[in-house]
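Letters A, B, ... mirror the listed sequences (proteins, then strands); counts begin at 1.
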Amino acid sequence: MITDAAPIVTARVGHDDSHTLEGYLATGGYEGLRRALELGRDQVRAEVDAASLLGRGGAGFPAGRKWSMLGRADVTYLVVNGDESEPATFKDHLLVERDPHQVIEGATIAAYALGVAQAFVFCRGEFALGLERLTAAVNEAYAHGALGRSIFGSDFSLDLVIHPGAGAYICGEETALLESLEGKRGFPRIKPPYFPAAIGLYGAPTVVNNVETVSNLPWIVRHGGAAFAALGTGSSTGTRLFALSGHVRRPGWYELEMSKVTFRDLIFDPSLGGGLAEGRSLKAFIPGGVSAPWFGPEQLDLGLDQEAVGKAGSMLGSGSVVVMDDSTCVLRAAWRITRFFHRESCGQCTPCREGGGWLEKILRRLEEGGGREEDLDLLMDACDNIAPGVSWPPQQTTICVLGPSIPSSIASAVRMFRDELLLHVKEGGCPLRGAR
Amino acid sequence: MAHLDDETRRKALATVALYPERRSALIPLCHLAQAQDGWLTPEAMEDIAELVGVTPAEVRGTATFYDMLHTEPVGRYVVAVCTNIACMLSGAYETLEHAEERLGVHVGQTTEDGMFTLEDAECLAGCDKAPCIQVNHRFFGPVDPPALDRLVDDLASGALDEVVPPHGVLCRVERTVGLEAAGAAGVPAAEEAP
Ligand SMILES: Cc1cc2nc3c(=O)[nH]c(=O)nc-3n(C[C@H](O)[C@H](O)[C@H](O)COP(=O)(O)O)c2cc1C
Ligand code: SF4
Ligand code: FES
């Protein structure tokens, strides 16, 4: 292994019974919650602050700061975001299926620190097994006294409800998620004023945190915020669950100490990605979910570090890395990602709804050989209409950032592989067809 | 026919009771109705509307926003082939084309015998097993064309009945506890019907 830091959120995943209460209790389960109840609310918040735990849902906002923004205002609800649908992201899927009690314990610790009496886990509807495991774990947790009235004999009571989604990427966006949880279509709300912390679920102050974010809390409470902050560097503390996919020998999830590992390590180290197939070379990789601009071989030595990746012009985002080798048609990759955004646009904003469809058509035309040289400028123009300047981070003209995420892959393909795109025009089709 | 039966209604009422506002139960109830019938029948949508305090049109209008909720009948098995980036890089379109040939339907269609509906899915968060497939939201992968043939054979023969329930059955574990704390903390009870 490339780092020797012990795993935090995946410590149990190797055990067959990791999802059962018995398996959980045998491996330190619910000790974090017991400790939290001893420490008291303020001390738990202080530990989470000291850990400087960054949100793992994509935006990387410090959890402690999010909690204290609510100050003394009465937080009414906690919602755990388990809608995981960002393409190539599969870490929360793992956590809800393999360690549902850890999600529940983390949510309960957060709810205690925030002083809420009802929490929801919004679980992606397609995770049938995840829903079954979470529901079974909730039943067990109530019976064990870890949920419900007077948790472990304290004066703290909490109800936790597992809420199934129904298939819509946009519901991962926190305000769309709240709409969906209210039984409506998943239309993101306009911010301001609809920041969940101010006007959240049923109009009440609400904290939304990601599944992986809360899964870190039992460990933080047991070992102290300082021990968490000692892992990683700078503002990227602790470990992070990376999802590696695409053209590598060993696709999968890897929990790694923040900042200590480079993209080169993740993709090529024999204990991690294991490199590319025989005879293949790296063409490009996406460092943090399909909303992120792409990197090329020049960026391989960057650390898996939120700040460093941000400075280099992209984002660590949802922690998912997609590897594309030299057999990849980058135009087709950009088309498929654009098609996804177009399909998942909720349709409220014109640039996102219309722009996405327009871009998809131009890309498809190029891929199928009907494109013209001017199409490249047309693509960039249309991107500019969605996110003026096509810079990073993108300028936002829409209600949420789904729209402004569309240009990332297209601009990457045009800027990094202009010649290959033009070859599609010259050859009247894909020059790489049949490369694999 | 296809109104919510007693058992589904019992589950629906228990679900409604978990939320501060009834409407929040709309989507969970749609899943329960699909578990009963495989899809959302107009009669079920009427019942859901009454249970959560909205009009049937609002139930339909909400349901059609979501990919998992079907307001038209679908096959016993909904085969969703992910073609998003990680799966595409691993040959998902070859798998999808093969599925179209094997099942004799295009994406979005159901076989004549009502057994299979084919879908071209977005990322299913199973990208480490690319190309990844879900059948009624149970995961399979990696699925290349020969693996798809075996999967279809096994589904048709009933060999996977334990693993893959009929379409619509999502969560086979029932919550056994109601709310204990929220009421005590003064969270408002469900609103009255309009
Ligand atoms: C289009 C879109 C999709 C998103 N999808 C998810 C998701 O699937 N899971 C998630 O936790 N956050 C997602 N987010 C981020 C959430 O809005 C929110 O920032 C996050 O859940 C907060 O949790 P954290 O602070 O713990 O990271 C998404 C955001 C956008 C704009
Ligand atoms: S940017 Fe797109 S997804 Fe976001 S609110 Fe606007 S239309 Fe909907
Ligand atoms: S891209 Fe296919 S499951 Fe994620």
Side-chain angles (χ1 to χ4, degrees), chain A residues 76 84-90 92-93 117-118 124-129 131-133 135-136 138-139 142 148-149 157-159 161-169 180-186 202 243-247 251-253 286 290 320 322 324 328 332-333 336-337 340 343-344 436, chain B residues 18-28 30-31 52 54 58 61-69 80 83-91 121-130 134 136-139 169-188:
Chain A
T76 312
E84 184 163 72
S85 324
E86 175 83 5
T89 309
F90 48 94
D92 300 338
H93 178 198
Q118 186 160 18
R124 183 173 176 183
E126 286 90 341
F127 296 165
L129 180 61
L131 285 162
E132 289 178 342
R133 294 241 166 119
T135 306
V138 162
N139 289 339
Y142 271 92
R149 204 186 304 264
S157 301
L158 176 73
D159 278 312
V161 172
I162 307 300
H163 182 89
Y169 166 67
S180 186
L181 186 46
E182 290 181 7
K184 300 169 189 156
R185 287 174 286 186
Y202 315 124
L244 180 66
S245 65
H247 293 145
W253 53 268
I286 314 180
V290 300
S320 34
V322 184
M324 297 185 264
T328 310
R332 194 158 181 244
R336 186 61 186 82
I337 293 169
F340 161 78
R343 242 176 134 178
E344 297 296 331
R436 234 172 211 273
Chain B
L18 296 176
Y19 295 93
E21 294 187 9
R22 287 194 287 162
R23 184 168 178 156
S24 284
L26 193 150
I27 288 165
C30 288
H31 284 307
V52 304
V54 299
E58 280 175 285
T62 306
T64 51
F65 184 86
Y66 295 97
D67 292 342
M68 289 176 71
L69 302 178
T83 56
N84 209 311
I85 185 75
C87 291
M88 182 188 94
L89 294 174
S90 307
E122 294 301 344
C123 176
L124 297 163
C127 334
D128 51 343
K129 310 255 168 10
Q134 276 196 334
N136 297 351
H137 306 299
R138 271 69 191 176
F139 279 97
V169 176
L170 193 59
C171 180
R172 290 168 294 182
V173 179
E174 196 177 336
R175 183 183 174 114
T176 53
V177 274
L179 295 190
E180 294 185 356
V187 174

Side chain, backbone, both or neither: which part of [X] has an atom under 4.5 Å from a heavy atom of chain B?
X	result
Tyr142(A)	side chain
Val161(A)	both
Ser320(A)	neither
Glu344(A)	side chain
Ile337(A)	side chain
Thr89(A)	backbone

Original post:
Can you name the side-chain hydrogen bond (donor to acceptor under 3.5 Å, both in side chains) partners of Lys129(B), sequence neighbours left out?
Top reply: none

**OP:** Mind checking side-chain hydrogen bond (donor to acceptor under 3.5 Å, both in side chains) for Thr64(B) and listing every partner two or more places apart, or none if nothing turns up?
**Re:** none

Original post:
CG/Leu89(B) to CZ/Arg336(A) distance, rounded to the nearest 0.5 angstrom?
Top reply: 11.0 Å

Original post:
To the nearest 0.5 Å, what is the distance between CH2 (Trp253(A)) and CG (Asp128(B))?
Top reply: 10.0 Å

Original post:
What option among Glu84(A), Lys184(A), Glu86(A) has the most heavy-atom pairs under 4.5 Å with chain B?
Top reply: Lys184(A)

Subject >> Modelled atom types, side-chain donor and acceptor of Tyr202(A) and Arg23(B), under 3.5 Å >> reply: no

**OP:** Using a cut-off of under 4.5 Å on heavy-atom pairs, state which of His137(B), Arg175(B), His31(B) scores highest against chain A.
**Re:** Arg175(B)

Counting C-beta onward and ignoring hydrogens, is there a side-chain heavy-atom pair between [X] and [Y] closer than 4.5 Å?
X	Y	answer
Glu182(A)	Glu21(B)	no
Arg124(A)	Leu124(B)	yes
Val173(B)	Asn139(A)	yes
Ser180(A)	Phe65(B)	no
Thr135(A)	Glu174(B)	no

Contact part of [X] toward chain A, heavy-atom cut-off under 4.5 Å: side chain, backbone, both or neither?
X	result
Ala121(B)	backbone
Arg138(B)	side chain
Ile85(B)	both

**OP:** For the pair Tyr19(B) and His163(A), name the ring-plane relationship: parallel under 30°, tilted 30 to 60°, perpendicular over 60°.
**Re:** perpendicular

**OP:** Answer yes when Glu122(B) and Arg343(A) have at least one side-chain N-carboxylate O distance shorter than 4.0 Å, and no when they do not.
**Re:** yes

